[in-house]
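Here is the structure we will look at, set down as structure tokens.
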Number of protein chains: 2
Amino acid sequence: MGLFHRRKEISVQTIRRLPQYLRIFYNLHAYGRELVSSTYLADETHLLPIVIKKDLQAVGAPSKLRAGFKVAGTIEVIEKFLGWNKLNKAFLVGVGHLGAALLGFDGFKNHGLEIVAAFDTHPEKVASTVHGVPVYHTAQLSTMIEKQNLKIAVLTLPAAAAQGVTDTLVAAGVKAIWNFAPVNLQVPDGVIVQKEDISSGLAELCAKLKSK
Amino acid sequence: MGLFHRRKEISVQTIRRLPQYLRIFYNLHAYGRELVSSTYLADETHLLPIVIKKDLQAVGAPSKLRAGFKVAGTIEVIEKFLGWNKLNKAFLVGVGHLGAALLGFDGFKNHGLEIVAAFDTHPEKVASTVHGVPVYHTAQLSTMIEKQNLKIAVLTLPAAAAQGVTDTLVAAGVKAIWNFAPVNLQVPDGVIVQKEDISSGLAELCAKLKSK
DNA sequence: ACATATTAGATATTTTGATATCTATATTTT
DNA sequence: AAAATATAGATATCAAAATATCTAATATGT
């Protein structure tokens, strides 16, 4: 067994559960709790203890036999794993209802994200400030990305405009796009697109409701 | 083989992909297209043809050998499967940034959902109208649910308030809760909770970004 | 008319993720 | 001090989901 044993791939589902754990660990830490067991966490999350155990083991959370996982240390490894220990600057394109709501969400600073500017094409929005974030015209997007060497963008604009803006973003050097528009964006290799679609959740809800 | 052969359980992942298919089928239908193949849909969605074939077969989408799936008929079976062929009335609780954004989203009428009233405790919001939806005080929630025999509620309020409101909703007869608050709600058996958590998507994005 | 290509349909295989079981250890209780 | 208990850690099993392979049918092109 050498120093560089192959790191087991961490599953997508595990990654998606990490923020939930993190929130609970922040709370525990605020209360001065130093250790927490997977059974306690299972009660909080409605997950099975074994799921939690395996998730936390996967990211290398420090623990103490019989006592549980170490709160401070676990926060550290999860934050480091997600890169949430430092802030990544991001632009947001499309200051509609959802875009404005995201600009108003102050929780992103706990999630490694800082939206430093927003962009829109509507004259009445350009040059204004939404929840403290300045709004520029979309025409300025390209130069501002290059100037700030920005890597992450949040897309909250209508489906019809999404691909065009995406091409601009990619050409200017953006490497990760968090896409809230209901389209599948075409991007070259090496650019990450994370698509959000709340209608999936609604579909799940409706299907469960029907099958009762 | 009888009339009532056991319907194969449809997977959660399939259900979550249905809205995406539906959007594409609506477009095709608008363009007068009558048939579409799984390979065409695969191009549009970036999914594999076999995934789409199996998803559509699972909901019983009508098809024609060699020619593809029938557009109009497939829309019908998906809508029926999700219950989106008729509108379900819903209340929204918590008119913050996100709540207001959801009230402003007019796409829900294509998704079987009609938010007919919103509730909040802030005096400046109560008795106002947000994107055409009237806002009432949360104290009126219980009686209004009972009066309208309402079954679905959307929760967009702070974590601290979510469980209390949930108890009220359940007591008044709500059967399905679409929960955007970052908490795991406690509900009795028979009540459905669908939790949305955009930080999961952000975690996925950040993990991919880090592992590059 | 015949050959070719494309497709839904069915089945089999593989991969991923969730769950169960067992063990060793530290803590608490008696 | 001894017994009981709760836990992380490891391994094994099971279930869900994705993917591959094969078949038969039906267009299309020559």
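Naming: A, B, ... by sequence-line order, numbering from 1 per chain.
- Atom CD of Glu146(B) sits in a crowded spot, with more than 12 heavy atoms from other residues, nucleotides or ligands closer than 6.0 Å.
- Under a 3.5 Å cut-off, the side chain of Lys210(B) and the backbone N or O of Lys80(A) do form a donor-acceptor pair.
- For Thr39(A), counting side-chain heavy atoms from C-beta on, the closest listed nucleotide (dG9(D), dT7(C), dT7(D)) is dT7(D).
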Protein and nucleotides 16-25 of chain D: nitrogen or oxygen contacts under 3.5 angstrom:
from	atom 1	to	atom 2	distance (Å)
dA18(D)	OP1	Arg17(B)	NH1	3.1
dA18(D)	OP2	Arg17(B)	NH2	3.0
dT19(D)	O4	Lys54(B)	NZ	3.2

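- Both the sub-6.0 Å distance and the 45° axial angle are satisfied by Arg33(A) relative to the ring of Tyr40(A).
- Proximity of a side-chain donor or acceptor of Asp120(B) to a complementary backbone N or O of Gly94(B) within less than 3.5 Å is not detected.
- Of all nucleotides present, only dC22(D) satisfies the Watson-Crick or G-U wobble test against dG9(C), with each distance under 3.5 Å.
- Taking atom NZ on Lys64(A) and atom P on dG9(D), their separation rounds to 13 Å, with Å as the unit.
- Put simply, Ser37(B) has no side-chain N or O that comes within less than 4.0 Å of OP1 or OP2 on dA8(C).
- Shown for residues 191-210 of chain B: no residue has heavy atoms falling under 4.0 angstrom of DNA chain C.
- For Lys208(B), the salt bridge (Lys or Arg N to Asp or Glu O under 4.0 Å) partners at least two apart in sequence or on another chain are Glu204(B).
- Taking a cutoff of 4.0 Å between a charged side-chain nitrogen and a carboxylate oxygen, Arg23(B) and Asp197(A) qualify as a salt bridge.
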